> 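This is the structure I have questions about; it appears just below.
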Amino acid sequence: MKKLIKTMSYNPFSLEGKTILITGASSGIGAETAVECSRLGATVVLTGRNKERLQEVYSRLDTSLSQSHQYVIADLSTEEDMLTLADKIVQIDGLVHNAGVNRVKPVTFIKTEDLDYIFHNNTYPGVLLTRMLLKKKKMNRNGSIVFTSSVASFFNAPGRALYASSKAALTSFMRSFAVELADKNIRANAVHPGMIETKLIHENLTDEEREKDMAEYPLKRYGKPEEVAWAIVYLLSDASSWMTGTSLVIDGGFMLK
């Protein structure tokens, strides 16, 4: 009977005993990652710019295994808010860099302000917040950092150069970081989602445009935020303890074409 109970409770994907910080946690992939991490036992620290949406996600967190979840309002496009966040949080075992924005512009119309906007939101927080947390010794040994990149970093389409380059830079940083921090057994990996069902898709594309675009995916649909969240959970868990510097593509087969 004891052996049966032990077998039933065995779960290498469990996050029990781990504290995970998730940026961009007020919507989409970040919100679902927070919920899934809490369901698997993690103590979750949420951060984002929108207080109401962050509180809504906070209310969805599973409290059966942890009562210590926390949220911190912060705009990670500013170093001041990054420092405030780094000071407020407790020791963490995992970090998910999920905050990001998009701006569609042909190359001939790109201005310095566009580069500043995209890189300050998509790339700089991943680099600078990571540095701050390490210098303040907030990241535990054997920790795991997951960067949310994009399949756009592997290819480009008209108007997507800004977004693609910001995500490609983040992926390159992840690989160098993985080498530098390996001696502390802190791992770094990235997920590269294809198109994911979020509110923004329905705001920016007509039904006809969505159907046409989905037909380009071998699985004939967009991904769901929780499907990316499950991959992130894997990279945070001990089940991936021998993975670092990896880019995990989650795209419904889009890159096969």
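Quick caveat, the model's predicted, so the values are computed rather than measured.
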> Between the main-chain N or O of Thr206 and the side-chain N or O of Glu209, is there a donor-acceptor pair closer than 3.5 Å?
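Present.
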> Going by heavy atoms in the side chains, are Glu36 and Thr33 under 4.5 Å from each other?
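Sidechains of Thr33 and Glu36: no contact.
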> With a 4.0 Å cut-off, would you call Arg49 and Asp75 a salt bridge?
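A salt bridge links Arg49 with Asp75.
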> Mind listing the closest non-hydrogen atom pair of Ser14 and Ser237 along with its distance?
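Answer, listing the atom of Ser14 first, then Ser237: O-CB, 4.2 Å.
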> I'd like to know if Leu83 and Ile92 are part of one continuous hydrophobic network [Ile/Leu/Val/Met/Phe/Trp/Tyr, side-chain heavy atoms within less than 4.5 Å].
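Result: yes, single cluster for both.
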> Quick one: do the Ser38 and Arg60 side chains pair a donor with an acceptor below 3.5 Å?
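On atom types as modelled, these side chains do not qualify, holding no pair under 3.5 Å.
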> Is a salt bridge present between Arg221 and Glu227, judged by a nitrogen-to-oxygen distance below 4.0 Å?
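Salt bridge present between Arg221 and Glu227.
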> Quick one: CG on Leu115 to OG on Ser165, what's the gap to the nearest 0.5 Å?
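OG of Ser165 is found 7.0 Å from CG of Leu115.
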> Run the numbers on Ile22 and Thr47 for side-chain contact (heavy atoms from CB on, under 4.5 Å), then give the verdict.
CA-CA 6 Å; Ile22 302 170; Thr47 188; over 6 Å; no
> Within this structure, what is the CD-CD1 distance for the pair Gln55 and Ile73, rounded to the nearest 0.5 Å?
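That separation rounds to 6.5 Å.
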> Start with the C-alpha distance between Asp213 and Met195, add both sets of side-chain angles, then the distance that settles side-chain contact (heavy atoms from CB on, under 4.5 Å), and finish with yes or no.
CA-CA 9 Å; Asp213 191 45; Met195 195 71 86; 3.7 Å; yes
> If you look at every heavy atom in Lys184 and Arg141, which pair is closest and at what distance?
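Nearest heavy atoms, Lys184 then Arg141: CA-NH2, 3.6 Å.
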> To the nearest 0.5 angstrom, please state how far the OG atom of Ser149 sits from the CG atom of Asn98.
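One gets 11.5 Å once the value is rounded to the nearest 0.5 Å.
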> Should Ser240 and Arg187 be marked as a side chain to side chain donor-acceptor pair (under 3.5 Å) after you check the CA-CA gap, both sets of side-chain angles, and the distance that decides it?
CA-CA 9 Å; Ser240 62; Arg187 301 181 295 113; 3.2 Å; yes
> Please answer whether the main-chain N or O of Asp62 pairs with a side-chain N or O of His69 as donor and acceptor at a distance below 3.5 Å.
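Looks like yes, one N/O pair under 3.5 Å.
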> Would you compute the distance between atom CG of Asn185 and atom OG of Ser144 and round it to the nearest 0.5 angstrom?
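OG of Ser144 is found 10.0 Å from CG of Asn185.
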> Counting only N and O atoms by type, is there a donor-acceptor contact under 3.5 Å from the side chain of Asp114 to the main-chain atoms of Lys111?
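Yes, because the side chain of Asp114 sits within donor-acceptor range (under 3.5 Å) of the backbone of Lys111.
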> Quick one: does Thr63's side chain have a donor or acceptor within less than 3.5 Å of a partner on Ser66's backbone?
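Pair absent, no side-chain N/O of Thr63 close to backbone of Ser66.
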> Using modelled atom types and a 3.5 Å cut-off, is there a donor and acceptor pairing between side-chain atoms of Thr84 and backbone atoms of Glu80?
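The answer is yes, because a donor-acceptor pair under 3.5 Å joins these two groups.
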> With a sphere of 6.0 Å drawn around CZ of Phe155, does it hold more than 12 non-hydrogen atoms of other residues, nucleotides or ligands?
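Count over threshold, so yes.
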> Measuring only between side-chain heavy atoms, which start at C-beta, is Leu133 closer than 4.5 Å to Lys135?
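The answer is no; the side chains never approach within 4.5 Å.
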> Is the Tyr234 ring parallel, tilted or perpendicular to the Phe13 ring (thresholds 30°, 60°)?
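Tilted, since the angle between the ring planes falls between 30° and 60°.
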> Please find the pair of heavy atoms, one from Val233 and one from Cys37, that lie closest to each other, and give the distance.
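Distance-wise, the nearest heavy atoms are CG2-SG, 4.1 Å.
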> As an exercise, state the distance from OG of Ser26 to OH of Tyr58, rounded to the nearest 0.5 Å.
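With rounding to 0.5 Å, OG (Ser26) is 16.0 Å from OH (Tyr58).
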> If you define the side chain from C-beta out and look only at heavy atoms, does anything of Val90 sit under 4.5 Å from Thr19?
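Of all side-chain heavy-atom pairs linking Thr19 with Val90, at least one is under 4.5 Å.
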> Find the distance between NZ (Lys167) and OG1 (Thr123) and round it off to the nearest 0.5 Å.
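Output value for this atom pair is 7.5 Å.
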> Any non-hydrogen side-chain atom of Leu40 less than 4.5 Å from a side-chain atom of Glu16?
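Leu40 vs Glu16: side chains apart.
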> If you take all heavy atoms of Leu129 and Leu85, which pair is closest and at what distance?
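Reported closest heavy-atom pair: CD2-CD2, 4.0 Å.
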> Test side-chain contact (heavy atoms from CB on, under 4.5 Å) on Ile145 and Phe147 and set out the steps.
CA-CA 7 Å; Ile145 300 178; Phe147 297 84; 3.5 Å; yes
> Find out if a path of hydrophobic residues (ILVMFWY) with successive side-chain heavy-atom gaps under 4.5 Å connects Leu61 to Val96.
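Cluster IDs for Leu61 and Val96 match.
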> With clusters defined by side-chain heavy atoms of hydrophobic residues (ILVMFWY) lying less than 4.5 Å apart, directly or transitively, does Met132 cluster with Ile89?
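Same cluster.
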> Could you check whether any side-chain N or O of Asp238 sits under 3.5 Å from a backbone N or O of Ser241, counting only pairs where one atom can act as donor and the other as acceptor?
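No; zero donor-acceptor contacts below 3.5 Å.
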> With a 4.5 Å cut-off on side-chain heavy-atom distances among I, L, V, M, F, W and Y, is there a chain of contacts connecting Val44 to Leu235?
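Same hydrophobic cluster.
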> Salt bridge check, Asp93 against Lys138: does any charged N sit closer than 4.0 Å to a carboxylate O?
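Salt bridge absent between Lys138 and Asp93.
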> Do you reckon Leu76 sits in the same ILVMFWY cluster as Leu46, going by side-chain contacts under 4.5 Å, direct or chained?
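Hydrophobic grouping puts Leu76 apart from Leu46.
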> Begin from the C-alpha positions of Glu32 and Val228 and carry the test side-chain contact (heavy atoms from CB on, under 4.5 Å) through to its verdict.
CA-CA 9 Å; Glu32 294 308 315; Val228 181; over 6 Å; no
> Does Lys220 NZ have over 12 foreign heavy atoms under 6.0 Å away?
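More than 12 heavy atoms, drawn from other residues, nucleotides or ligands, come within 6.0 Å of this atom.
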> Scan Leu21, Ile20, Val45 and name whichever one has a side-chain contact (heavy atoms from CB on, under 4.5 Å) with Leu95.
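Among Leu21, Ile20, Val45, the one that satisfies the side-chain contact (heavy atoms from CB on, under 4.5 Å) with Leu95 is Leu21.
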> Could you tell me whether the side chain of Asn189 and the main chain of Met243 form a donor-acceptor pair under 3.5 Å?
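Confirmed, Asn189 side chain pairs with Met243 backbone.
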> Closest approach of Gly245 and Met174, non-hydrogen atoms and distance?
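Looking at all heavy atoms of both residues, the closest pair is CA-SD, 3.6 Å.
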> Answer yes or no: is there a side-chain heavy-atom contact under 4.5 Å between Tyr124 and Ser77?
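Tyr124 does not reach Ser77 side chain to side chain.
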> Taking the side chain as C-beta and beyond, is there a heavy-atom pair between Ser247 and Arg175 under 4.5 Å?
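They are in side-chain contact.
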> Should Thr148 and His97 count as side-chain neighbours, where that means a heavy-atom distance under 4.5 Å?
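Answer no - side chains too far apart.
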> Between Arg103 and Tyr117, is NZ or CZ placed under 6.0 angstrom from the six-membered ring centre and within 45° of the ring axis?
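Judged by the rule, Arg103 and Tyr117 form a cation-pi pair.
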> In terms of the angle between their ring planes, are Tyr222 and Tyr217 parallel, tilted or perpendicular, with boundaries placed at 30° and 60°?
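Ring orientation, 0 to 90° scale: perpendicular.
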> Side chains of Tyr163 and Arg160: does their closest heavy-atom pair fall under 4.5 Å?
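They are in contact (side-chain heavy atoms under 4.5 Å apart), so the answer is yes.
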> Might you point out which heavy atoms bring Ala178 and Thr244 nearest each other, and give the distance in Å?
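For Ala178 and Thr244, the tightest heavy-atom pair comes out as CB-OG1, 3.4 Å.
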